[in-house]
*Asks:* 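Have a look at this one.
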Amino acid sequence: MKYSSYVRMTPSRVVLNEKMLTFEDSGKNLLLEIYRKAVGDWPKFFKMDPLSKVGFVSTELLLSTESPRVKDCEDRAVILFNRSGSLADDRIYEGTIRSREEFYPSPAVFVYTLPNILTGEIAIRNKYYGETSFSVLEKFDASVMLRTLEAAFVDPMTRSAVFGWVECGSEEEFDVCLFLVHREGEGMKELDEKEFERIWKI
Amino acid sequence: MKRAVKISDNVISPLGTSTVENLDAILRGESALRVHSGSEKDIPEDFCASLIDEESLSGEYLNAGIPLEEYTPFERRLILSISKALSGTGIDPSSRRVLFVISSTKANVELLHSENPSGKEYPGYSAVKVASFFGNGNAPLTVSNACISGLSAQITAVRELECGHFDTAIVAGADIQSRFIISGFQSFKALSPNPCRPFDSSRDGLNPGEAAATVIYTWKEPQEGEWYAERGAVRNDANHISGPSRTGEGSYRALKAVMDDPEELAMVNVHGTATVYNDEMESIALSRAGLSAVPVNGYKGYYGHTMGAAGIMETALSMASLDKGVIVGMKGYSECGVSCALNISNENRPASGKAFIKLLSGFGGCNAAMLFRKKGGAL
Amino acid sequence: MEDLKQELKEKIIAALKLADMTPSDIDNEAPLFGDGLGLDSIDALELMLLLEKNYGIRLQNPAEGKKVFVNIDTMAAYVAENRTR
């Protein structure tokens with residue numbers, strides 16, 4: 001598998017293609033700062049749950065390197081993994097139904113209690129009609145993710161993918177390692193287990 | 001030519017603990033849907049659902065050697081369904097050449113209601129426990145793609161076999177209808193207070209359902225009479241995170257990606273949740289894909305929406321019914337309530353053809369279709 | 001009534017997370033859905049929750065909501081007439 005870009009993001013650090021990006025804030029405010037500086041025109045961001053916010057801004061950074069930015073296509077997939085699924089939002093939703101007295105289940109919170117809503121948000125933003133998929137693993141495992149990615153490319157329609165790990169415990173705790181991968185990519189770097197691990201450790 | 005051949009399957013629901021028991025029950029027209037008092041789940045509104053009585057499975061758990069105290073109901077049901085599917089197949093589930101793929105939308109989420117879920121709320125934790133029960137050491141995948149999970153799990157599994165990563169894939173799905181899920185769907189005004197009426201003009205929402213289901217695939221040359229997965233596809237509407245596309249975009253594209261000749265299809269087994277927008281969307285997608293004349297059926301009128309189990313149990317029931325040469329009637333349907341007319345009947349009818357498509361769609365704008373074929377002549 | 005309209009605007013901005021908006025950005029007669037604030041089906045459900053939580057008004061279904069959530073004027077009139085708290 002080849003890749004053209006990667007983004008590595010934690011609450012205190014953002015690396016895009018070997019370049020450390022400088023932001024003033026961290027955690028929740030880092031997400032907001034990235035949105036303001038790198039996106040700005042997608043107010044749905046404010047409605048998103050923690051996982052979607054984290055995955056959305058990091059994908060925006062990843063795709064900002066693509067020129068021209070590919071939109072409105074069926075041959076790009078979104079294949080993501082993490083450990084917590086949508087637990088960050090599940091806990092928020094549980095808070096809206098915790099007691100019988102204060103029982104006000106929120107539809108806007110409930111809708112995000114599925115991790116694949118993030119893959120949908122990315123598809124909507126970019127008009128990607130291709131495959132979207134979210135899988136949960138017990139822990140970060142580059143080899144399993146790459147194996148599953150290879151399997152995803154069995155679909156002959158799929159030629160590239162936003163791929164990787166988007167772990168999110170809350171807006172203050174997240175760990176992202178995403179790639180823009182391609183079935184064929186002349187002059188592009190090979191994404192193997194070793195390379196995935198190297199970038200994960202950045 | 002080698003294919004992902006279906007070796008075995010199992011369905012556990014309130015109507016039975018094997019695929020055959022379930023098929024016989026729905027062929028008789030039985031439904032597992034009942035009206036329940038909200039107080040059963042500590043929620044204000046009553047609801048109509050298909051719920052498994054956990055007590056009724058205790059004998060089965062004992063027989064399968066599942067220690068109750070070590071597993072949550074979600075995990076137990078998965079293990080029981082897998083055990084039953086494995087029985088008599090000769091497959092060694094502990095082999096390094098066997099992959100476990102779990103399909104669930106909410107796994108053990110109900111544990112969040114307790115003070116200290118102690119890590120059991122993580123879906124990957126449950127998947128490892130289930131695989132470990134069978135002595136399997138490969139990292140299991142938990143596919144979490146909302147309502148299409150049961151198909152995307154099968155699609156992933158079949159591709160892993162095609163790539164030669166494994167010889168056998170055990171795909172199992174389950175969900176527990178907790179206070180969490182039911183209150184959420186109520187907040188979405190997506191539930192019908194009565195047994196649901198898929199594709200009917202009076203449909204007014206879905207019913208939550210509980211089931212556990214398993215399907216096992218092995219990469220081999222299909223023998224006469226064996227079912228195999230031809231291919232599957234997942235496509236996104238790229239339109240809205242909860243509302244189905246008004247043009248059926250993703251479902252239409254998924255159908256186009258898996259379809260060969262509509263003439264060979266015995267039926268399309270749809271999602272048919274009985275929400276106003278889902279069924280309308282499916283009718284548009286099927287019509288756009290040129291499938292208006294192909295018999296269409298669905299099982300939500302018998303079981304409600306069993307979430308992570310749905311795609312797997314509906315695949316297993318479709319194979320079993322077509323083996324009998326029957327298309328199960330769409331319970332709850334009486335008058336067409338979608339804008340594109342389809343070939344639907346609420347009565348069991350004879351099937352002809354040696355293939356079918358299973359269709360699902362879900363939140364996140366995702367849609368999945370899978371084409372299954374039976375080796376040999378007519379059904 | 002003007003106070004109620006102001007209160008509704010503040011609550012809508014908070015509940016629907018309309019960041020970067022202030023009550024003065026919302027016109028009393030401007031449509032809430034469609035071209036106006038660009039709200040969607042989830043927002044409509046969230047507005048129903050807002051009425052229940054703050055004013056003890058339970059709308060049965062989104063269709064009923066459509067008539068109430070035309071604009072701030074219609075919403076305020078409905079709340080004033082039907083509130084139980």
Side-chain angles (χ1 to χ4, degrees), chain A residues 44 52 72 74 77-78 81-87 90-91 93-94 96-98 100 103-107 109-139 141 143-144 147-148 150-157, chain B residues 42-44 101-102 105-107 109 112-113 121-125 127-128 138-146 148-149 152 155-160 162-163 165 179-181 183-189 231-242 249-250 253 257 362-366:
Chain A
K44 276 185 203 158
S52 287
D72 205 341
E74 192 172 334
V78 181
F81 302 80
N82 78 2
R83 167 173 179 263
S84 293
S86 57
L87 274 171
D90 293 353
R91 294 189 186 103
Y93 179 74
E94 178 62 31
T96 72
I97 58 166
R98 184 147 281 281
R100 211 172 302 179
F103 185 86
Y104 295 110
S106 159
V109 177
F110 181 69
V111 72
Y112 282 99
T113 62
L114 294 160
N116 71 302
I117 299 297
L118 164 59
T119 62
E121 293 282 16
I122 295 168
I124 293 166
R125 165 71 169 166
N126 299 290
K127 287 275 163 220
Y128 292 162
Y129 296 100
E131 173 161 339
T132 49
S133 161
F134 204 106
S135 302
V136 179
L137 299 173
E138 197 204 11
K139 55 176 193 287
D141 189 329
S143 134
V144 169
R147 192 194 72 212
T148 313
E150 185 195 334
F153 273 84
V154 164
D155 187 327
M157 174 63 82
Chain B
D42 195 21
I43 51 180
V101 184
I102 304 297
T105 64
K106 295 312 308 162
V109 76
L112 290 182
H113 198 57
E121 71 276 29
Y122 287 84
Y125 168 91
V128 169
N138 292 320
L141 280 176
T142 303
V143 172
S144 191
N145 285 321
I148 72 160
S149 296
S152 51
I155 291 169
T156 300
V158 164
R159 290 172 181 169
E160 293 266 18
E162 187 170 342
C163 289
H165 299 154
R179 183 171 180 268
F180 185 106
I181 299 180
S183 66
F185 275 104
Q186 283 180 338
S187 81
F188 249 86
K189 311 288 173 198
R231 68 181 79 87
V234 177
R235 296 290 182 268
N236 204 288
D237 290 333
N239 177 54
H240 193 265
I241 54 170
S242 63
E249 202 55 43
R253 289 179 190 241
F363 277 5
C366 55

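Below, chain A is the first sequence line, B the second, and so on; all start at residue 1. Here the structure is a predicted model, which means the values were calculated and not measured.
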*Asks:* In terms of heavy-atom pairs under 4.5 Å with chain B, which of A:Gly120, A:Pro107, A:Pro105, A:Ala123 leads?
*Replies:*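 Top option by heavy-atom pairs under 4.5 Å: A:Pro107.
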
*Asks:* Would you name the heavy atoms of B:Arg235 and A:Glu74 that are closest together and state the gap between them?
*Replies:*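 Smallest heavy-atom distance, with atoms named: NE-OE2, 2.7 Å.
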
*Asks:* So, for A:Val136 and B:Gly124, which heavy atoms are closest and what is the spacing to 0.1 Å?
*Replies:*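 Smallest interatomic distance, heavy atoms only, reads CG1-N, 3.9 Å.
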
*Asks:* Do you know the tightest heavy-atom contact between A:Ser86 and B:Lys106?
*Replies:*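 Result for this residue pair: OG-NZ, 3.2 Å.
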
*Asks:* Non-hydrogen atoms of chain A under 4.5 Å away: do they reach the side chain of B:Glu160, the backbone, both or neither?
*Replies:*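 When you check distances to chain A, atoms from both the backbone and side chain of B:Glu160 fall under 4.5 Å.
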
*Asks:* I need the residue from A:Arg125, A:Arg100, A:Lys44 with the largest number of non-hydrogen atom pairs under 4.5 Å to chain B.
*Replies:*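 Looking at each of A:Arg125, A:Arg100, A:Lys44 in turn, A:Arg100 comes out on top.
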
*Asks:* Is B:Glu121 in contact with chain A via its backbone, its side chain, both, or neither, using a 4.5 Å heavy-atom distance?
*Replies:*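 B:Glu121 touches chain A through backbone and side-chain heavy atoms alike.
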
*Asks:* Go through A:Pro115, A:Gly85, A:Pro156 and name the one with the most non-hydrogen pairs under 4.5 angstrom from chain B.
*Replies:*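 Highest number of pairs under 4.5 Å: A:Pro115.
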
*Asks:* Between B:Gly364, B:Ala107, B:Cys163, B:Ser144, which shows the greatest number of heavy-atom pairs under 4.5 Å with chain A?
*Replies:*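 Ranked by contacts with chain A, first place is B:Ser144.
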
*Asks:* Highest number of heavy-atom pairs under 4.5 Å with chain B: which of A:Phe81, A:Phe153, A:Tyr129?
*Replies:*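 Ranked by contacts with chain B, first place is A:Tyr129.
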
*Asks:* How far does OG of B:Ser183 sit from OH of A:Tyr104, to the nearest 0.5 angstrom?
*Replies:*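 Nearest 0.5 Å value for the OG-OH distance: 14.0 Å.
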
*Asks:* Heavy-atom pairs under 4.5 Å with chain B: which of A:Phe103, A:Tyr93, A:Tyr128 has the most?
*Replies:*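 Ranked by heavy-atom pairs under 4.5 Å with chain B, first place is A:Tyr93.
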
*Asks:* CG of B:Leu112 to CZ of A:Arg91: how many Å apart, nearest 0.5 Å?
*Replies:*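 It comes to 6.5 Å.
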
*Asks:* Contact part of A:Ala77 toward chain B, heavy-atom cut-off under 4.5 Å: side chain, backbone, both or neither?
*Replies:*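 Neither part, no heavy atoms under 4.5 Å.
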
*Asks:* Looking only at heavy atoms, what is the nearest atom pair of A:Arg83 and B:Tyr122, with distance?
*Replies:*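 Taking every non-hydrogen atom into account, NH1-CE2, 3.4 Å.
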
*Asks:* Heavy-atom pairs under 4.5 Å with chain A: which of B:Pro44, B:Gly184, B:Ala127 has the most?
*Replies:*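 Winner by heavy-atom pair count: B:Gly184.
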
*Asks:* Given the options B:His165, B:Glu162, B:Arg231, which has more heavy-atom pairs under 4.5 Å with chain A than any of the others?
*Replies:*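 Option with the greatest count: B:His165.
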
*Asks:* Which value, rounded to the nearest 0.5 Å, describes the distance between A:Glu131 atom CD and B:Thr156 atom OG1?
*Replies:*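 Those atoms lie 7.0 Å apart.
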
*Asks:* Going by side chain to side chain contact (heavy atoms under 4.5 Å, CB included), name the residues that satisfy it together with A:Val144, two or more places apart in sequence or in a different chain.
*Replies:*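 Here the qualifying residues are A:Leu137, A:Asp141, A:Arg147, A:Thr148, B:Ala139, B:Leu141.
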
*Asks:* What part of B:Ala257 is in contact with chain A, defined as an atom under 4.5 angstrom from a non-hydrogen atom: side chain, backbone, both or neither?
*Replies:*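 For B:Ala257, no heavy atom lies under 4.5 Å from chain A.
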
*Asks:* Could you go step by step and tell me if A:Val111 and B:Phe363 meet the side-chain contact (heavy atoms from CB on, under 4.5 Å) rule?
*Replies:* CA-CA 8 Å; A:Val111 72; B:Phe363 277 5; 4.0 Å; yes

*Asks:* side-chain contact (heavy atoms from CB on, under 4.5 Å) with B:Thr105: which of A:Asn116, A:Leu114, A:Thr113?
*Replies:*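 Only match with B:Thr105 under side-chain contact (heavy atoms from CB on, under 4.5 Å): A:Leu114.
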
*Asks:* Chain B: which of A:Lys127, A:Glu150, A:Glu121, A:Lys139 shares the most heavy-atom pairs with it under 4.5 Å?
*Replies:*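 Of A:Lys127, A:Glu150, A:Glu121, A:Lys139, A:Glu150 has the most heavy-atom pairs under 4.5 Å with chain B.
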
*Asks:* Enter the distance from A:Ile97:CD1 to B:Ile43:CD1 here, rounded to the nearest 0.5 Å.
*Replies:*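 Between A:Ile97 CD1 and B:Ile43 CD1, I get 9.0 Å after rounding to 0.5 Å.
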
*Asks:* Would you call the rings of A:Phe110 and B:Phe185 parallel, tilted or perpendicular if under 30° counts as parallel and over 60° as perpendicular?
*Replies:*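 Perpendicular.
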
*Asks:* Can you tell which part of A:Phe134 gets under 4.5 Å to a heavy atom of chain B, answering side chain, backbone, both or neither?
*Replies:*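 Both backbone and side chain of A:Phe134 come within 4.5 Å of chain B.
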
*Asks:* Select one option (side chain, backbone, both, neither) describing which atoms of B:Asp237 are under 4.5 Å from chain A's heavy atoms.
*Replies:*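 The backbone, not the side chain.
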
*Asks:* Determine the minimum heavy-atom distance between B:Ala238 and A:Ile124, stating which atoms define it.
*Replies:*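 Closest pair (atom of B:Ala238, atom of A:Ile124, distance): C-CG1, 3.7 Å.
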
*Asks:* Between atom CD of A:Glu94 and atom CZ of B:Phe180, what is the distance when rounded to the nearest 0.5 Å?
*Replies:*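 If we round to the nearest 0.5 Å, A:Glu94:CD and B:Phe180:CZ are 6.5 Å apart.
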
*Asks:* Show your reasoning for whether side-chain contact (heavy atoms from CB on, under 4.5 Å) applies to B:Val143 and A:Ser133.
*Replies:* CA-CA 8 Å; B:Val143 172; A:Ser133 161; 5.6 Å; no

